[in-house]
Amino acid sequence: MMIAQGFSTNNEIEKATEEFINYFFSYHRDLSKNKVNCEIDKNKLKQLREIGIPTQGRDIKTVVNEMVEDVYQYGYSVNHPRYLGFVPGPASMISWLGDVMTAAFNRHAGSWMSSPAANSIEQGLIKWLCEQAGFNENSGGLFVSGGSMANLTAMTAARDEVLDEKTQHLGVAYVSDQTHSSVAKGLRIIGIPDSRIRKVAVDSDFKMSAKHLEDLVQKDIRDGLVPFIVIASAGTTNTGSVDPFEVISLLCQRYGMWMHVDGAFGASVLLNKTHKHLLKGIELSDSISWDAHKWLFQTYACGMVLVKNNKHLFNSFNVQPEYLKDLKTEDDSFNPWDYGIELTRPTRGLKLWFTLQVMGSDGISNAIEHGFQLAKWAEDELRKNAEVEIVSAAHMSIVNFRYNPLNMTEDQKDELNQIISYKILDSGYAGIFTTELNGKKVLRICALHPGTTEMDIRGTVKLLNHFFEEAVLEGMFIS
Ligand SMILES: Cc1ncc(COP(=O)(O)O)c(C=O)c1O
């Protein structure tokens, strides 16, 4: 039977899909030959905003072409091998295929009964990830849309476990000045205003100072407040630094606080045989955020929240409305909607499971290892230039550096490094942005892509050196 979809028949849809997939394969094969970014001008943006919705449906092939040509080609290709900014999204084709299947079958994975097999697989994978983190059999968790949602979910459970109605307005949270901004956002959402978020100082390696943390906690207790959570990081976004989990855990036990670890970026190192030890002590935490759409090469949106005791998620999120009673199970099967914020959710963990099945744990370990190697190559090439200061040496897959010529003021150097970033972005060769460390603007490389080569990295640094010299020659910075 032919079902009309606007003016497109099933046949036309199938043909357009096939053509798109063939186009996408060649786009993906040629990715590294293309520019990292493609700018769009204001007129084009205005035009797109004003397209409107037609009364009569349009030819599907034309609309597919428009989406490819006029929409998806613009902006940053975060899965390009030389996109080295923020935390890249080097999604693999395996994950892409897993995602295609998720969308194709469009299962409702909010309840056990609507997707029993998929939920079994997701829960088996969550258990396996908990084991990798060193959590025991009471642990559990959920696939969520990313690190921000994982942080929010875990912090909600922490609030409900440690605070009660009488103390909620007194709860204090502790982060470091390197903690990701999604944590402050999540804290606001759960009712902790900025005035009750303490920024703990970091040491010279950008790790949270346990001494300062304890001083702040003691002061808050003296002031009649209730310290309830410390958010430590397994791989901060700026430098990849890992907070001292063991001593933070001791303080959490001493003062009755929940220990959350934001591992959105760095928890993937748990699956890397060589560097897993960097996260020693993470098993002492109460909860962990972990993004698979970062260093586990998944398409967006795939993250995990893991908790040492799964009942904490249930306590915070389970509600039993009458219209869902038919889907309640008698045995211990698990309804994801009782453990997190979403009711309707896709089978978003299956693409990660699929990826791990195809790559195996050795394959994923090697792919993660490559990120460490890329950062080392970058640092090695940068050190050849005497005018480069390495501000934070290669750690995990990140290195921070600053062009630091003798004859400039610090403000001029800030401007210089910003201009170098603009220049390389304008060239389209690589995506490199700035951040700030110790009050100074630095350039930052975060390299995760298993397809990035040594030549990509050394070539990028050579081009940065070239843009440095060009900017100086342009004469804007000589005092
Ligand atoms: C350490 C850390 N936490 C949380 C997040 C937020 O994750 P998401 O963008 O998946 O919400 C990021 C994103 O880069 C991150 O690096």
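Read the numbers this way: they start at 1 and go in the same order the structure lists the ligands and their atoms. Each residue takes its place number in the sequence, starting with 1.
One side chain, Q253 or S249, offers a donor N or O that lies under 3.5 Å from an acceptor on the other. T239 and T236 share a donor-acceptor pair across their side chains, judged by distance under 3.5 Å alone.
Between K294 and ligand 1, at least one pair of N/O atoms sits closer than 3.5 Å. Where the criterion is an N or O separation shorter than 3.5 Å, residue side chain and backbone included, G235 fails it with respect to ligand 1. Looking at ligand 1, you won't find any N or O of S145 less than 3.5 Å from one of its N or O atoms.
Among K185, H293, H180, the residue whose heavy atom lies nearest to atom 6 (C) of ligand 1 is H180.
Applying the 4.0 Å criterion to heavy atoms of A264 picks out, from ligand 1, the atoms 2 (C), 3 (N), 4 (C), 5 (C), 15 (C). Those atoms of ligand 1 that come under 4.0 Å of a heavy atom in G146, given as number and element, are 10 (O). Taking every non-hydrogen atom of D291 and a distance limit under 4.0 Å, the qualifying atoms of ligand 1 come out as 7 (O), 8 (P), 10 (O). Close approach of ligand 1 to T237 is summarised as follows: ligand atoms under 4.0 Å from at least one heavy atom of the residue are 1 (C), 2 (C), 15 (C), 16 (O). Interface atoms of ligand 1 facing V87, defined by a heavy-atom separation under 4.0 Å, are 14 (O), 16 (O).
Of the charged side-chain nitrogens involved, none lies within less than 4.0 Å of a carboxylate oxygen, so that K376 and D380 do not count as a salt-bridged pair. The pair D41-K44 does not meet the salt-bridge criterion, since no charged nitrogen lies less than 4.0 angstrom from a carboxylate oxygen.
Among all protein heavy atoms, the one lying closest to atom 8 (P) of ligand 1 is G147 N, 3.4 Å. When only non-hydrogen protein atoms are considered, atom 3 (N) of ligand 1 lies nearest to D262 OD2, 2.7 Å.
For Y76 and F86, the ring centers sit 6.0 Å or farther from each other. H312 and W258 have their aromatic ring centers within a separation under 6.0 angstrom.
Considering K127, R345, R348, R107 as possible partners of E122, the one that fulfils the salt bridge (Lys or Arg N to Asp or Glu O under 4.0 Å) test is R345.
For residues 132-145, the set of pairs meeting the side-chain hydrogen bond (donor to acceptor under 3.5 Å, both in side chains) definition, not counting sequence neighbours, is empty.
G303 does not count as a contact of ligand 1, since none of its heavy atoms falls under 4.0 Å from the ligand.
Both the backbone and the side chain of S148 come within 4.0 Å of ligand 1, judged by heavy-atom distances.
In this structure H80 satisfies the side-chain contact (heavy atoms from CB on, under 4.5 Å) test together with L31, V36, S77, R82, Y83, sequence neighbours excluded.
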